[in-house]
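Counting starts at 1 for both ligands and their atoms, in listed order. Counting begins at 1 with the first residue of the sequence. These values consider heavy atoms only, across backbone and side chains, with no hydrogens, waters or symmetry-generated copies.
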Amino acid sequence: MAEDSLTIVDNRTGKSYQVPIEHGTIKALDLRKIKVDDDDFGLMTYDPAYTNTASCKSRITFIDGDKGILDYRGYPIEELAQHSNYLETAYLILHGELPTQAEYDAWASHITHHTIVHENVKGLMGSFRYDAHPMGMLMSTVAALSTFYPEAKRIHDVQNRRHQIHRLIAKMTTLAAFAYRHSIGLPFVYPDNSLGYCGNFLQMMFSVGKYQVNPVLERALDLLFILHADHEQNCSTSAMRGVGSSEVDPFSALAAAIAALYGPLHGGANEQVLRMLQEIGSKERVPEFVKEVKTSGGEVRLMGFGHRVYKNYDPRAKIIKRMADQVFEVKGRNPLLDVALELERIALEDEYFVKRKLYPNVDFYSGLIYQAMGFPMSMFPVLFAIPRTVGWLSQWDEMLSDKDQKIARPRQIYLGPARRPYVSRDKRG
Ligand code: ACO
């Protein structure tokens, strides 16, 4: 009997099976041999929402949800937040190692010089309705980019893959800023290659006439981008891998990931946090709202609280909370901060939240900071999609090099009617 194995006894047949355990998991396919007879398909697992299923082996991001740990390629998020910048972190996530100075310079130059978009993209974006949501515009335009770069279909060509990755990381800021400018009827601002990644994004967003990038805000945005760069197999990353497994080009797969991120339970959560804080309105109303959450039977949620993986304080939320003061010093204190702080204080002491291990997640404070920086709520999911692009693409790149991976195709438990003959319409009663 192998030391790392599981013995399963099938009570229906009395047979026992040895299933190897590797990396704390068993292979779902190993269960297939558990059958009553030769016609039996074999045992499957039922795991809606993949709450206990590893869909891949990955070397990118490590999370220990109980301890509140997040590492990219082995480096703690706290250290990267303190010492690194977004472009360096993005390089690390994609390549697996921190860059040397020469590697960093070449990488930064690649990304900077790909920020410009084809002039036709402007026409495309200009044709959206005046009040189009920027996330919808971003998603559609990223999908449309696949038609500008048809060579991106050659996904097994590693060099070509890298080229598209550079393009996407670079152009996301331009598309995001264009989407915003369109939504408020301002002319598009072209990228300025003399600025850094976040500084350039800020000037494309906010420049009207002469614009000076504020270094505190640039650094705050850079930090937020580091914190959002990857988060292993969440909903949007699984969408990226799932759609990418059909071997479609990365622009189309990334559009699917953006769509997944758009949902209020994922990247749309920080927008919902602000709406919730605005609705609560004042510190005094917090106890009433918390009561409503607890008695709603799961219908009203405390947005920005809870996480599928973190059953402790989200380490990203801690870093964001510390950084908030620097932004408020420049832009003025967001009055909703007091409501948020009171909400956190009460929730963390409340039996309902403690028992369910519901702590603030990354979205609880990020919206307040983005709002203070001048971003409208509709831009919040877009601000998540920009830095997550490197995570999505790195996961996609890893998947394509993984011999274990095939086109994603889960199974189902069929509970519908048994096979039956067709009945013509005049005989149906
Ligand atoms: N407020 C109140 N109750 C909650 C919350 C919340 N935010 N989150 C979970 N619960 C309760 C559920 O009602 C459930 O209670 P029950 O056991 O009495 O039925 C219990 O906690 C477990 O909840 P699940 O929905 O099973 O937890 P799951 O891991 O599936 O959900 C999720 C995680 C979707 C993030 C959830 O906590 C949530 O909806 N949070 C609010 C939305 C949010 O902030 N999303 C951002 C996530 S971070 C990100 O995507 C970047």
**Student:** For ligand 1, which atoms have a heavy atom of Gly304 less than 4.0 angstrom away?
**Tutor:** 43 (C), 44 (O)

**Student:** Please report the interatomic distance CD1(Ile69) to OH(Tyr310), rounded to the nearest 0.5 Å.
**Tutor:** 9.5 Å

**Student:** Would you mind listing which atoms of ligand 1 come within a distance below 4.0 Å of any non-hydrogen atom of Ala269?
**Tutor:**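 Result: 43 (C), 44 (O), 45 (N), 46 (C).
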
**Student:** If you have a sec, work out which protein heavy atom is nearest atom 2 (C) of ligand 1 and how many Å separate them, to one decimal?
**Tutor:** Val293 CG1, 3.6 Å

**Student:** Given Arg308, His228, Arg301, which has its nearest heavy atom closest to atom 24 (P) of ligand 1?
**Tutor:** Arg301

**Student:** So, for atom 19 (O) of ligand 1, does the protein have a heavy atom nearer than 4.0 Å?
**Tutor:** no

**Student:** May I ask whether atom 27 (O) of ligand 1 is less than 4.0 Å from at least one protein heavy atom?
**Tutor:** no

**Student:** Could you tell me the residue and atom name of the protein heavy atom closest to atom 42 (C) of ligand 1, and the distance to it rounded to 0.1 Å?
**Tutor:**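 The closest one turns out to be Met303 CE, 3.4 Å.
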
**Student:** Can you confirm whether something in the protein, heavy atoms only, sits under 4.0 Å from atom 30 (O) of ligand 1?
**Tutor:**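 Yes, there is one.
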
**Student:** Answer with yes or no whether the side chains of Ser245 and Gln405 bring together a donor and an acceptor at under 3.5 Å.
**Tutor:** no

**Student:** Considering non-hydrogen atoms of the protein only, which is the closest contact for atom 50 (O) of ligand 1, and what is the distance?
**Tutor:**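 So the nearest neighbour among protein heavy atoms is His266 ND1, 3.0 Å.
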
**Student:** Suppose I only count heavy atoms of Phe384 and a 4.0 Å limit; which atoms of ligand 1 are within that range?
**Tutor:**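 Listed by number with element: 51 (C).
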
**Student:** Please work out whether the ring planes of Phe188 and His182 are parallel, tilted or perpendicular, with thresholds of 30° and 60°.
**Tutor:**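 Tilted: the ring planes of Phe188 and His182 meet at 30° to 60°.
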
**Student:** Does the plane of the ring in Tyr262 sit parallel, tilted or perpendicular to the ring in His133? Use 30° and 60° as the thresholds.
**Tutor:**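 Judged by the thresholds at 30° and 60°, the geometry between Tyr262 and His133 is tilted.
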
**Student:** So, are Glu288 and Arg285 salt-bridged, with charged N and O less than 4.0 Å apart?
**Tutor:**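 Looking at Glu288 and Arg285, the cut-off is met.
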
**Student:** In the protein, which heavy atom is nearest to atom 41 (C) of ligand 1, and how far is it?
**Tutor:** Phe305 O, 3.4 Å

**Student:** What residue and atom, counting heavy atoms only, is the protein's closest point to atom 47 (C) of ligand 1, and at what distance?
**Tutor:**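 So the nearest neighbour among protein heavy atoms is Asn361 ND2, 3.7 Å.
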
**Student:** Which of the numbered atoms in ligand 1 are under 4.0 angstrom from any heavy atom belonging to Asp363?
**Tutor:**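 Ligand 1 atoms under the 4.0 Å threshold to Asp363: 46 (C), 48 (S), 49 (C), 51 (C).
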
**Student:** Other residues, nucleotides and ligands only: do more than 12 of their heavy atoms fall within 6.0 Å of CD on Glu279?
**Tutor:** no

**Student:** So which heavy atom in the protein is nearest atom 15 (O) of ligand 1, and how far is it from that ligand atom?
**Tutor:**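 Residue, atom and distance for the closest contact: Arg356 NE, 3.1 Å.
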
**Student:** Tell me the contacting part of Asn234 for ligand 1: side chain, backbone, both, or neither, using a 4.0 Å heavy-atom threshold, strictly below.
**Tutor:**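 For Asn234, no heavy atom sits under 4.0 Å from ligand 1.
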
**Student:** For atom 45 (N) of ligand 1, what's the nearest protein heavy atom and its distance?
**Tutor:** Leu265 O, 3.3 Å

**Student:** Considering the heavy atoms of Tyr352, write down every atom of ligand 1 situated less than 4.0 Å from one of them.
**Tutor:** 2 (C), 3 (N), 11 (C), 13 (O)

**Student:** For a ring-ring contact (aromatic ring centres under 6.0 Å, His included) check, start with the C-alpha distance between Phe305 and Tyr359, then their side-chain angles and the critical distance, and finish with the verdict.
**Tutor:** CA-CA 5 Å; Phe305 259 66; Tyr359 293 88; 7.9 Å; no

**Student:** Heavy atoms only: which of Thr51, Leu358, Val362 is nearest to atom 10 (N) of ligand 1?
**Tutor:** Leu358

**Student:** Under 6.0 Å between ring centres, would you say that holds for His266 and His231?
**Tutor:**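 No: the rings miss the under 6.0 Å criterion.
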
**Student:** Arg73 and Glu232: salt bridge (Lys or Arg N to Asp or Glu O under 4.0 Å), yes or no, with the steps?
**Tutor:** CA-CA 11 Å; Arg73 302 283 191 181; Glu232 52 115 312; over 6 Å; no

**Student:** Describe, in one word, how the ring planes of His228 and Tyr370 are oriented to each other, choosing from parallel (under 30°), tilted (30 to 60°) and perpendicular (over 60°).
**Tutor:**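 Answer is tilted, since the angle falls between 30° and 60°.
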
**Student:** Show the atoms of ligand 1 that are less than 4.0 angstrom away from any heavy atom in Leu302.
**Tutor:** 1 (N), 2 (C), 6 (C), 7 (N)

**Student:** Nearest to atom 35 (C) of ligand 1, what protein heavy atom do you find, and at what distance?
**Tutor:** Gly306 O, 3.7 Å

**Student:** Does the protein place any heavy atom closer than 4.0 Å to atom 22 (C) of ligand 1?
**Tutor:** no

**Student:** Measure from the ring center of His163 to the ring center of His110 and say whether it is less than 6.0 Å.
**Tutor:** no

**Student:** If we count only N and O atoms by modelled type, under 3.5 Å, do the side chains of Glu88 and Ser84 hold a donor and an acceptor together?
**Tutor:**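 Yes, side-chain donor-acceptor contact under 3.5 Å.
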
**Student:** If we set the cut-off at 4.0 Å for heavy atoms, which region of His231 has an atom near ligand 1: side chain, backbone, both, or neither?
**Tutor:** neither

**Student:** Does Lys357 NZ have over 12 foreign heavy atoms under 6.0 Å away?
**Tutor:** no

